[in-house]
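Input: a single structure, listed below in structure tokens.
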Number of protein chains: 2
Amino acid sequence: MSKQYITLKDIAKALNLSASTVSRAMKNNPAISAETRELVQNFARKHKYKPNILAMQLRTKRNTTIGVIVPEIVHYFFSTVLAGIQAEAEKENYNILICQSNEDYKKEIKCVQTLLDARVSGILASQSKTTKEYDHFQEIVDNNVQLVFFDRICTGINTDKVVVDDYEGALKAVDYLASTGCKRIAFLGSDSDLPISNNRRMGYESALRKHKIKVIKSLIKECDTRELAQKIIPDMLNESNTPDAFFCINDEVAAYCLQAVKAVGFRVPEDISICGFTNGYLTEVTEPTLTSVDQHGFEMGITAARLLIDRIEGKETKKGVVSKLIKTELVLRNSTR
Amino acid sequence: MSKQYITLKDIAKALNLSASTVSRAMKNNPAISAETRELVQNFARKHKYKPNILAMQLRTKRNTTIGVIVPEIVHYFFSTVLAGIQAEAEKENYNILICQSNEDYKKEIKCVQTLLDARVSGILASQSKTTKEYDHFQEIVDNNVQLVFFDRICTGINTDKVVVDDYEGALKAVDYLASTGCKRIAFLGSDSDLPISNNRRMGYESALRKHKIKVIKSLIKECDTRELAQKIIPDMLNESNTPDAFFCINDEVAAYCLQAVKAVGFRVPEDISICGFTNGYLTEVTEPTLTSVDQHGFEMGITAARLLIDRIEGKETKKGVVSKLIKTELVLRNSTR
DNA sequence: AGATTCTATGCAAACGAATGCATTGGATAT
DNA sequence: ATATCCAATGCATTCGTTTGCATAGAATCT
């Protein structure tokens, strides 16, 4: 279709030079005289010459596109990470190709295929919740394509990763809750296969131990969506010994938790404290506003992209697996004492 | 770096055929005998042959990547549109390259360059708020690259577009407000240069006229961010004749409006009704929940991608400009009577 | 002046796939 | 038996760049 772009050969012909000379002149190759260089570059500028990246990449076998696989685009945290990836990639003149798995294993496989087909030189991935097998990720590695996981890492495969310090985030949050007098702190988590949930539970338990509070099984639930929140939380509030705090796996659950708690007549934070995880849009518009653990998604995106690009360009030379931790930050608002 | 992929030539050598035969066999070219076809395709499958898209595109000069320019990725509406674009593009085996202008004119120019450099065959764009000149968009057209605007269209350039029916959305919302008895309905809009804001104001005014309510200048403000909301709204509430409804340009402003209104002691919706625009995450977690106009971002993404791909493939043959309207939907919740 | 070096350039072959145009061998027609 | 045709395959070129190597002419050395 579009064929209006001018090529090296066109320039060469116009200037009575060979394509190789033009190529070198454009790249400031010292073998080319200053005059010709100027001549060529001026001509190129004037005629808006754009090198054909396809041809370039075909020839040099190096490609400046990286692929990203996220479970969902319409999601505060992931879109924040995407923004970070985009920022860093752009700085390094990489393009990013984005795929969405929709939390679906089959779709995730298709994403991998799409990205490998596109010959990306590296992939940043966050695993879908439903993924239990890893052959598709293994295929990436087998094809010598760099792979870095972020946030939802894949435990079945040994490769670089960037994760939020979930343990520490949970620890700080629950420590804070306990230090303000909460004794029966509930943990609303996710599938315990997911490291992010598991690590937070460990942080949660550590904090409890630190405060000499017993870990009670019935206060730990798998509850990571709006639907589950609206089903599970009212039940928990009906039991004899109601929680006096909820530490939630994400802001959404925390927000619906807030509603459920208020609906039953408890005051927040006087009777029950609530803390979320993400620190996204929602935190400022709930009533009361929501205390939450910030995951620094933008920074995570930058870090992950940085690491991937360093791998691609051979600047990160560590032989084994590189793991980076992104620090969390507890942001206090009015849903906690 | 990555050179492990197997090529047509490799297959040819292994099977003692020529590359052209292999190429044709892979494409089910009838000139090739059934046996050879099977032979080749089985071999290819077994060795996970992936055609090199770069080479293919270089040769055929058609490229299946489309670029997208959005003002912000971390934004409910735009991320929804992105998801729609992604879904449609994937269905048609197109890849999408995403750029973010950050509402910055200079950055937007850079986005265009990046996408043209990448030789995308089409671009979907939503203009940044700060853009007042259009040379960069013109360059897209000049290079014979297809261009479709969505949502924030560029008035300075004559090309296909997909927009929300802002006029009708505003009309429906304000009509509803008036029909529930609101008499002094404020409009919190955006820069009047932006068609989306202007069209909504017109819808707003039409609704008022329909209900024989006078349009009052002081009830129309430019207020499209959290910061402005927190500054402007309290002032409006302090005036003698306070509004009894706010129709806001987005959910965010509506949510902060809600807070400001309640802070002064008004009840929502009894004293003052509030209506947002977007119908995103926020609407369910405010108190009361927020009535809002749904923009059907996902559908917009699909429609825009569809149109662009049809243009690229020559299936949309209309000579002039194609404009598509996405219908809105008023979603009633508890912030309106 | 002849040999050597350097400077600036061009030639040609890649990269991987697609494709118009041969070419081959066998089958059919005459 | 020869001419004709078709089916199946190969050759060679092309897309736009890059790059090792060759080469031309000028400059320097001896």
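No hydrogens, no waters, no symmetry mates; every other heavy atom, side chains included, goes into these values. Every chain is numbered from 1 and lettered A, B, ... according to where its sequence line falls, protein lines coming before strand lines.
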- So, is B:Tyr5 near the phosphate of C:dA17, with a side-chain N or O under 4.0 Å from OP1 or OP2? no
- Message: Counting only heavy atoms and a strict 4.0 angstrom limit, can you tell me which residues of residues 23-34 of chain B come near DNA chain C?
- Response: B:Ser23, B:Arg24, B:Lys27
- For residues 24-33 of chain A, pull every pair meeting side-chain hydrogen bond (donor to acceptor under 3.5 Å, both in side chains), keeping only residues two or more places apart or in separate chains. A:Asn28-A:Gln41, A:Ser33-A:Thr36
- For B:Leu58, which contact category applies under a 4.0 Å heavy-atom criterion: base, sugar-phosphate, or nothing? base
- Message: Please report the distance, rounded to the nearest Å, between CZ in B:Arg37 and C1' in D:dA7.
- Response: 14 Å
- Between atom CG in A:Leu54 and atom P in C:dA14, what is the gap in whole Å? 22 Å
- Parallel under 30°, tilted from 30 to 60°, perpendicular over 60°: which one fits the rings of B:His75 and B:Phe77? perpendicular
- Rounded to the Å, how far apart are B:Asn52 CG and C:dA17 C1'? 8 Å
- Query: Looking across every strand, which nucleic acid part, if any, lies under 4.0 Å from B:Leu17 by heavy atom: base, sugar-phosphate, or nothing?
  - Reply: sugar-phosphate
- Can you give one letter per nucleotide of nucleotides 22-27 of chain C, going 5' to 3': B for a protein heavy atom under 4.0 Å from the base, S for sugar-phosphate only, - for none? ------
- Select base, sugar-phosphate, or nothing to describe what A:Thr7 touches, counting heavy atoms under 4.0 Å on all strands. sugar-phosphate
- Query: Base, sugar-phosphate, or nothing for A:Asp10, non-hydrogen atoms under 4.0 angstrom?
  - Reply: nothing
- Message: Measuring from the side chain of A:Lys61 (C-beta onward, heavy atoms only), which nucleotide among C:dT9, C:dC15, D:dT17 has the closest atom?
- Response: C:dC15
- Query: For the atom pair CD (B:Gln57) and OG (B:Ser121), what is the distance rounded to the nearest 0.5 Å?
  - Reply: 8.0 Å
- Message: Let's see if you can work this out: which of C:dA12, C:dT9, C:dA17 has an atom nearest to the side-chain heavy atoms of B:Arg59?
- Response: C:dA17
